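First the proteins, then the strands, lettered A, B, ... as listed; each starts at 1. These numbers come from a predicted model, not from an experiment.
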Amino acid sequence: MDRVDANFFNETNDAEKGGNISEVQVSHHEDKKVTSKPLKDKTSKAERRALQEAQRAAKSTKKAAASGVAPPVTEKPTKASKQYPQKKDVPLATSSVSVPEMKGGDRPSEKDKKKDVYHPRMQYDDKSRVEKAKKRSVIDKPEARNRVELFQHLPQYERGNQLRDLESKIFNLDSVHPAVYKVGLQYLSGDVSGSNARCIAMLYAFKEAIEDYHTPVDKILTRDLATRISSYVSFLNECRPLSISMGNAIRYVKARIAKLPSNLTETDTKATLSSDIYRFINEKIVIADKVIVQQAVTKVRDGDVLLTYGCSSVVEMVLVYAHELGKKFRVVIVDSRPKFEGQRLLRRLIAKGLSCTYTHINAVSYVMHEVTKVFLGAASILSNGIVYSRIGTACVSMVAHSFRVPVLICCEAYKFHERVLLDSICTNELGDPDVIAKVSGRKDLNYLDDWVNKKNLQLLNLLYDATPSDYISLIVTDYGMIPPTSVPVIVREYGKEHLF
Amino acid sequence: MWYRSPSFILDNQAQEKLLLQQQQHQQNDDVLNPPPPPSMSETSVLNPNPNPNISAYYQTRAAHHAVVTSDWLAQAQAAVAGGVSGEVTAAEVEDGCEVEKGGSVIEEFNSWRKQPDLAEAVAAIRALASVIRSSNATTMMELEIELKKASDSLKSWDATSISLTAACDLFMRYVTRTSALEYEDFNSARSRLIERAEKFGEISYKARRIISMLSQDFIFDGCTILVHGFSRVVFEVLKTAAQNKKLFRVFCTEGRPDRTGLRFSNEMAKLDVPVKLLIDSAVAYSMDEVDMVFVGADGVVESGGIINMMGTYQIALVAHSLNKPVYVAAESYKFARLYPLDQKDMAPALRPIDFGVPVPSKVEIEKSARDYTPPQYLTLLFTDLGVLTPSVVSDELIQLYL
């Protein structure tokens with residue numbers, strides 16, 4: 001838990017990792033792990049158990065060899081492999097050979113390496129870890145039903161019945177600050193959504209929690225506060241998986257805590273921290289949005305037809321500002337089931353007097369031929385230029401690309417992440433399957449009412465998708481307008497900046 | 001320092017030459033050093049942009065490179081826009097006021113600009129450097145404001161020239177973003193600025209030589225190169241290749257309407273390079289014979305695409321569909337912080353077009369002088385920062401401006 005990173009979707013603060021073969025980074029770490037394994041003395045529980053088993057197996061082999069009976073080695077590892085799918089042969093292969101080497105080697109450098117390594121989020125198809133997480137968690141998670149095979153590694157949605165449960169617990173959960181608790185409940189109920197809003201809400205809650213914080217007598221402020229924040233993060237994560245932007249903000253907060261000068265008094269420290277948090281919100285989100293609006297508005301010309309999808313706060317600001325500047329343009333708002341977020345945007349734009357067209361995503365290929373530009377928001381942009389955003393974005397930009405309509409993504413630079421993503425399977429979030437089973441206002445459409453009891457039916461309600469960089473003409477960030485190929489440049493040049 | 005110029009190539013070469021022919025080193029230096037500006041007295045008459053409807057950049061280019069003479073240009077212009085002479089004079093008056101404001105810069109700039117082999121941007125850089133030199137400011141801030149004013153007046157002199165704007169911006173960045181501002185003493189700071197300004201001017205001046213050295217590896221014996229328009233960088237590249245005894249063939253497009261391609265083919269013929277002249281519409285017809293396309297650029301934009309003479313986009317499209325590489329030779333002072341999304345997303349640079357026969361007034365004429373080639377149709381950019389893929393352009397620009 002001494003890690004500074006709040007690596008996105010890093011579920012529990014557990015050093016151990018489950019593998020996901022389809023994820024580029026994970027396989028890379030798996031390699032690193034293999035090399036560092038024999039030298040590490042601080043192994044996780046599962047690894048220790050595996051090691052023990054391996055040693056036992058080795059012993060029995062020796063015994064068997066002595067007595068001339070064929071060794072039953074093959075059985076034990078398979079049993080172990082069932083429980084820890086990814087690490088079955090790693091500890092066995094290395095430890096049975098190199099147990100004596102364990103004490104040698106350059107340990108500190110290995111340890112450092114381990115710190116640098118990214119910890120991928122928890123894999124929810126890893127049973128042992130899910131059990132462990134459950135024991136620790138505040139929220140009771142019921143067994144999810146009828147899960148889609150391909151997405152079993154993602155946390156299953158089970159929010160509806162937790163809300164009441166959590167509300168009743170509010171007085172006996174003293175480990176979580178009330179402000180954080182409130183934000184958690186808001187995430188859970190969906191009152192706060194959208195990556196910027198969630199990030200700001202979280203930061204304000206942290207700020208409040210830090211201001212109310214008092215160092216316990218026998219503790220050091222920086223360490224204790226860091227663990228506090230970590231526990232808040234894992235609480236929030238249980239309410240709803242963290243977004244990438246939140247991950248970056250948490251990383252910033254933790255870095256600020258770690259870098260606090262030790263000679264400050266408690267009041268000073270708290271004041272520094274809350275001003276730092278305020279600065280992050282102001283610089284990276286509020287002012288960044290203003291810069292983005294200034295830049296993006298130069299691309300709006302008279303006679304344009306701008307298409308947008310869903311409800312992005314930055315895109316809304318761009319449209320409103322362009323309207324205020326007196327530009328003549330029309331807006332097409334594309335919306336989709338089940339959230340109909342576009343209606344919120346529609347209502348606000350109409351109130352401002354913009355001329356709008358509202359349609360559903362089914363009609364996007366029909367409206368696209370009259371559109372001159374597509375403005376979209378994003379939850380995150382990854383190093384290979386992939387835009388991770390509200391589900392349906394990829395579809396819209398793909399259609400726009402095939403109609404040769406330029407696609408502009410408005411995204412603050414704090415949402416950039418140095419990881420790469422190849423598809424929307426590895427990283428995603430599952431929503432409530434009930435929402436897609438029901439159609440509001442249509443009582444007669446009840447074919448899916450008892451979908452839970454149908455063993456051969458699985459419902460999938462994904463919340464995000466990944467748009468390949470080929471479909472994106474331009475990204476508007478607070479560092480200017482850049483092509484999607486320049487995302488790693490921004491991450492390289494400015495990613496570290498806010499950590500120091 | 002951001003300016004990672006591979007100018008060492010030139011330095012190495014110069015050194016080698018120095019060793020080989022020590023007697024001739026005097027001459028060699030002459031080649032590398034900038035020639036003195038033409039005497040001020042003969043060019044003291046300012047020439048402000050006579051017609052705002054026509055891009056000054058293309059007027060200069062036409063005067064320097066085209067077969068069509070500037071007299072012809074003036075005639076054609078009179079024929080096309082006979083009725084707007086009143087406006088022209090008004091604009092001239094306006095320009096006149098402006099010139100008085102930043103008069104000395106533009107004077108200086110114009111005197112440099114007269115040299116046909118000196119790029120407009122380099123002329124601007126030299127002019128700005130001379131502003132620092134002749135300034136009698138006493139504080140750093142004063143000097144910076146003066147410089148800013150000068151560069152603004154240069155930029156407004158011709159808003160259509162991308163390289164002029166970009167070079168002014170880059171100069172400001174390069175010169176003012178330095179530790180010189182920390183010097184206690186104003187005079188030493190100023191001399192540091194002058195030093196940097198001269199360095200920048202020198203790098204820019206050498207850029208063409210660097211590019212021509214870098215691109216030699218890409219020209220192989222027996223290749224056929226398609227060239228569009230008259231680009232001084234491309235000419236330098238091919239001239240160097242010819243001097244290096246490479247055997248290659250050049251296809252020149254005609255380059256309507258100012259027929260810059262004709263001039264290019266003349267120059268090639270003078271170098272004894274086999275050259276063939278194509279009309280602009282014969283590009284697709286002859287593309288299967290071509291091994292590579294070489295074009296210059298008016299400006300390199302942030303996406304990594306280029307803005308260049310009209311017709312470059314269609315050549316790049318044809319080349320792309322036949323899998324032929326498209327190489328762009330452009331000096332780094334042409335890197336501009338622009339991001340056009342499509343062809344119409346930039347300030348148009350207009351120029352007159354002569355169709356040989358009178359065109360009825362009802363017929364509209366597309367007068368735009370340049371188009372935008374998106375980065376996916378370009379293979380490599382040869383710049384004085386090195387050989388870059390289009391996506392690196394944005395990297396360089398980000399490092400430069402942020």
- Item | Structural part of B:P374 lying under 4.5 Å from a heavy atom of chain A | neither

- Query: Do A:R492 and B:D395 touch side chain to side chain, with heavy atoms closer than 4.5 Å?
  - Reply: yes

- Item | Heavy-atom side-chain contact between B:Y339 and A:V476 under 4.5 Å | no

- Minimum-distance pair of heavy atoms, taken over all atoms of A:G480 and B:R337: CA-NH2, 4.3 Å

- Item | Reported CD-to-CD distance for the pair A:E493 and B:Q399, which is rounded to 0.5 angstrom | 4.5 Å

- Query: Checking heavy atoms, do the side chain of A:R404, its backbone, both or neither come under 4.5 Å from chain B?
  - Reply: neither

- So do the side chains of B:L341 and A:L408 get within less than 4.5 Å of each other, counting heavy atoms only? yes

- Task: Please check if atom OH in A:Y278 has more than 12 non-hydrogen atoms from other residues, nucleotides or ligands closer than 6.0 Å.
- Result: no

- Are any of the side-chain nitrogens in A:K373 or B:D345 under 4.0 Å away from the carboxylate oxygens of its partner? no

- Matching residue for A:S486 among B:S394, B:S303, B:S391 - test: side-chain contact (heavy atoms from CB on, under 4.5 Å): B:S394

